[in-house]
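Encoded as structure tokens, the structure appears first; notes follow it.
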Amino acid sequence: MSAPVLNYRTRGWLRMSIEKQDTLLKMAVLSLAAVLSFSCRLFSVLRFESVIHEFDPYFNYRTTKFLAEEGFYSFHNWFDDRAWYPLGRIIGGTIYPGLMVTSAAIYHILNWLNITVDVRNVCVFLAPFFSSLTTLVTYHLAKELKGPGAGLVAAVMIAIVPGYISRSVAGSYDNEGIAIFCMLLTYYMWIKAVKTGTLFWSTMSALAYFYMVSSWGGYVFLINIIPLHVLTLMITGRFSHRVYVAYSTLYVIGTILSMQISFVGFQPVSTSEHMGAFGVFGLCQIHAFVDYVRSHLNKTQFDVLFRAVISTVAFGGVLILVVLTALGKIAPWTGRFYSLLDPSYAKNNIPIIASVSEHQPTAWSSFYFDLQMLTFMFPVGLYFCFSKLTDENIFIILYGVLSIYFAGVMVRLMLVLAPVMCILSGIAVSALLSTYMKQIDDVKADKKKAKFEGNYFMRSEIATLFVCIMSVFLVMYTLHCTWVTSEAYSSPSIVLSARGHDGSRIIFDDFREAYYWLRHNTPEDAKVMSWWDYGYQITAMANRTILVDNNTWNNTHISRVGQAMASTEDKAYEIMRELDVDYVLVIFGGLTGYSSDDINKFLWMVRIGGSTDKGAHIKEHDYYTAAGEFRVDKEGSPTLLNCLMYKMCYYRFGQVYTEGGKPPGYDRVRNVEIGNKDFELDVLEEAYTTEHWIVRIYKVKDLPNRGA
Amino acid sequence: MQATALFLLISCLFIVHTVIQCKKELTLSERVQQLSDAAVKKPVLRFNGDKFRQYVKGTPRNYSTIVMFTALAPSRQCGICRHAHDEFQLVANSWRYSQGFSNKLFFALVDFDEGPDVFQSLRLNSAPVFMHFPAKGKPKKVDTLDIQRVGFAAENIARWVAERTDIQIRVFRPPNYSGLLALVVLLALVVGLLYLRKNNLDFLYNKTTWALAALAFTFAMTSGQMWNHIRGPPFLQKTQSGNIAYIHGSSQGQFIVETYIVAMLNAAVVLGMILMTEAASKRDDVKKRKIYAIIGLGLVAFFFSLSLSIFRSKAHGYPYSFLLK
């Protein structure tokens, strides 16, 4: 990548010295990469508008707004009475505040500079902004590992890699958006610290680590991989004073700082995930002490001492382990132990993990979809790192191999893999290109010398061909990334779109329509009952109190809502009176064909509703037909056709024609005519139904007058 | 007992049996005592026709029985029965060694070859079937486990039992000792090897070994072996038209053979790249380097386009391809 720089010298290009040209070129490539990474995340903003996406980001947005308006202390002490009515939720101590603090700081700085931006716009554009910063950090990290050429390639690659874009498009305002930046920043500082062995860089890496801890739970990966690096350096005999200084400083300062985050608290000194780091810290001290003793004793004395100490410690360790196991204090041989070794353990034994789509394993096509050519440039990069082992290369190898394991187990962790894929591929591409570019140049420059150096026939042609193929690969990569970003990762899911018959785009903006209706037409203290998926959105947009939300901390409360939805009207009315519900909100896709609606989620409501004591009367098999099918047409089970959820979704639907040639009440998601058409609601009245019927809101009637 | 009467007419053998049975008609407490004693020794009781009538259908009862009707004889060739039997055994064992073990619930098994009359009397014509015989009354429809829908994993059986009898059984799946054993053997081998070569441990520091291991691991992961391990897909599949499908049609799934193909493609591209590097960096035979370079280039170009077109066949609507369609 940096090779062409040399050519300009002869032309006297702009009369700059080579160093200046070099810097200019690097700056140009880097700033273009940063701009690119920002702009290719804007698909959804351009197609729809500047909105926050999905579910969790709405919660983050709401807390950010609170922080920006009320200040840090009231944010920290915030007890939220808008969610989990009547329980409420303590916000300050149960979240990672890094994301909110960052955007609130940006908001205040911008306003101080008299650039008036809305908090929402800061939130929407935070993730793209941080991915621009990530490209810069990636450049520096890869530069430390291989050289500026590799850095530039890696930076350009990470700017558009879909595995990272999937979590950082404009509007997906979530922890991961800034966490990848923090993670790479920590790695960069750590590599610097290991290379220089100075307190300055070690402290900087501790600070970067603190930022990482404050923003994402994935910091546990960091606090395990850095000690692992140190351990590997010890085993390979590369342990030095530099590593000692770097790690001791990072561990001590980093741990103390991380305990300042109230959500993390005392975990760094009490839980097993952090014990590895602690153990390596101890080993570091022992290793350094042994080195010190060795330098003061002669060899035979040292050997005797060393053996004596080692055998005593080993004996003592085994004895303690046996005694503690016998006393039942620790149990290293239980199922938990096996779950670390065997990833399918979780699938077989913990159904809640198996059911969440983010916890699915990764098929090869997902790897290809999210990384394309990186899947085979990555091994080449590994090969290059192995062929020239250094302290920092060992780190990147460890990071690569570990993260590819985690990404294989859980598709969500592709996010952690993507940066190292880019770095290693950057190393590979830059090494290959610089070798072959040189060959093209060389042959032209000194053709006579060629024979003496043992150059073969057609060398320059092969080199040219190779460079061409490499360029084709890179172009394909770019096309692939753009296509994936535009097709798969750019829908806000709060505003839906579909293609009409004539190919035009139809926008369904029902969610916001309903939420704003709630905001303007219901009393300030109204309590809204809905399934937990929509909790964050309702509190953030409608500003009304809800019963359950996406922070699913209280299963019995969610179960109570599930029971209400799955019961008949009378039973549900009792539950709704008990929970003090004023409005009920359901999502219905039968008119538009929106398939992730509440009827399709209904079996989960039944299962969760029936999972607690109070809901023991709700049995899943009552909602199936005799043949064991889940159907909403005439064949469907009567329990299903008379439960509250069914009635709320299909109220008045029996009179609506949805598709030509089909009877009224034809459900376009399930593709059947509904079974129970003519019914009236006794305890509810329809309050509002959105344009495309996606959101339906009902008001819970008050108790009837006595005698009426 | 009506069914028994039917058999009385048919076979005189059964008359004898029934007479014997009548002779030793036991009281409730005796039966419970016998069942409990047997259950302590063997969690799943094996019943033939007589025992089934005596213990499971005999009245009065104050205990529930979960009976699995099955055909375990190898001649019956019921593969699924064997599987179901293991799971059932697991539930029974979990119950036997649980804190709440009592004489309110027993697990039993009736093999078709030992009690075909039972199968006839219950009008069962398939196996395996799980039935619950409650303490009072006859089994209703819901007392038969719906294998089609629920499946017969031990956890599901336990949940069904809990639903029918209000007895909670926490299924304890013993860790798979075969894996552990393999690990121990492997460790022993490694330690033994290290011990034998203790004077010459340089091979541990040989980075080529480690590099090869890392590359192999990477190929295994990027080709989705972990997905195979967790999901257990079929090796390959016959399509409806009779052809054999090596590649799963959608990007949601994959076959085992498909992942091998993908791993091979990736490895071929990487091999090509490495050959190119070697060709450029070596300082020896000119001819060899040229061959290396050409082979490397060919591998890279061809296998890249092949993997692109395989991906294209899976991801519908993917517009790009290179060299190959």
Side-chain angles (χ1 to χ4, degrees), chain A residues 236 335 338 341-344 347-349 351 361-369 371 373 375-380 382-384 386-387 389 397 400-401 404-405 407-409 428 431-432 435-436 439 454-459 462-463 465-466 469 472-473 476 479-480 483 487 619 621 624 628, chain B residues 142 146 148-149 155 163 173 175-176 179 183 205 207-208 210-211 214-215 217-219 221-227 229-231 251-254 258-259 262 266-267 269-270 273-274 276-277 280-281 283-284 286-287 289-290 293-294 297 300-301 304 307-308 311 314-315 317-320 322:
Chain A
T236 50
Y338 291 99
L341 298 178
D342 184 9
S344 59
K347 180 202 94 177
N348 293 331
N349 296 282
T362 316
W364 79 266
S365 48
S366 316
F367 273 111
Y368 202 84
F369 191 75
L371 304 162
M373 69 175 281
T375 48
F376 49 78
M377 291 314 294
F378 171 78
V380 182
L382 269 186
Y383 166 81
F384 276 112
F386 267 111
S387 66
L389 278 182
I397 289 171
V401 172
I404 207 167
Y405 171 77
V409 176
L432 283 166
T435 321
Y436 278 89
Q439 291 194 359
N455 288 325
Y456 51 85
F457 175 61
M458 291 217 318
R459 185 177 116 149
I462 288 180
L465 199 60
F466 178 76
I469 290 220
V472 170
F473 279 17
M476 295 292 285
L479 291 174
H480 175 96
W483 182 79
E487 293 291 315
K619 303 254 166 41
H621 58 80
Y624 291 109
Chain B
V142 282
D146 188 350
Q148 294 291 334
R149 206 177 70 225
E155 289 78 12
E163 230 169 67
R173 231 173 239 281
N176 194 348
L183 201 73
Y205 293 105
K207 59 187 183 185
T208 321
W210 288 103
L215 288 192
F217 183 71
T218 309
F219 292 132
M221 283 298 151
T222 49
S223 64
Q225 300 302 326
M226 187 54 81
W227 197 93
H229 177 72
I230 293 177
R231 291 293 174 78
S251 53
Q252 303 294 320
Q254 59 185 14
E258 175 185 345
T259 60
V262 169
N266 283 345
V269 177
V270 172
M273 296 269 185
I274 291 176
M276 301 287 304
T277 330
S281 60
R283 290 260 166 262
D284 54 350
V286 176
K287 214 174 191 178
R289 286 174 59 189
K290 185 180 163 188
I294 293 175
L297 200 58
V300 169
F304 172 73
S307 67
L308 200 60
F311 179 72
K314 280 174 81 84
Y318 186 70
Y320 307 114
F322 175 62

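Bear in mind that the values here come from a model prediction, so they are computed numbers and not experimental data. Lettering of chains follows the sequences in order, A, B, ..., and the numbering in each one begins at 1.
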Proximity breakdown for Phe311(B) and chain A, heavy-atom pairs closer than 4.5 Å: both
Go through the atoms of Ser366(A) and report whether side chain, backbone, both or neither lie under 4.5 Å from a heavy atom of chain B. neither
Nearest 0.5 angstrom please: Leu479(A) CG to Phe322(B) CZ, how far? 12.0 Å
Aromatic ring pairing Phe376(A)/Phe304(B), orientation class (parallel under 30°, perpendicular over 60°, tilted between): perpendicular
Determine yes or no for a side-chain-to-main-chain donor-acceptor pair under 3.5 angstrom, with Tyr436(A) supplying the side chain and Met276(B) the backbone. yes
Are Trp483(A) and Tyr318(B) near enough that their ring centres are under 6.0 Å apart? yes
Partners of Ser223(B) by side-chain hydrogen bond (donor to acceptor under 3.5 Å, both in side chains), sequence neighbours excluded? Gln225(B)
Which portion of Ala211(B) sits near chain A, non-hydrogen atoms under 4.5 angstrom: both
One option among Thr435(A), Leu382(A), Ile397(A) has the most heavy-atom pairs under 4.5 Å with chain B, and it is Leu382(A)
Ranking Asn266(B), Leu215(B), Leu297(B) by heavy-atom pairs under 4.5 Å to chain A gives rank one to Leu297(B)
Part of Ile469(A) lying under 4.5 Å from any heavy atom of chain B: side chain
Under the rule for side-chain hydrogen bond (donor to acceptor under 3.5 Å, both in side chains), what residues qualify as partners of Glu258(B), not counting sequence neighbours? Trp364(A), Lys314(B)
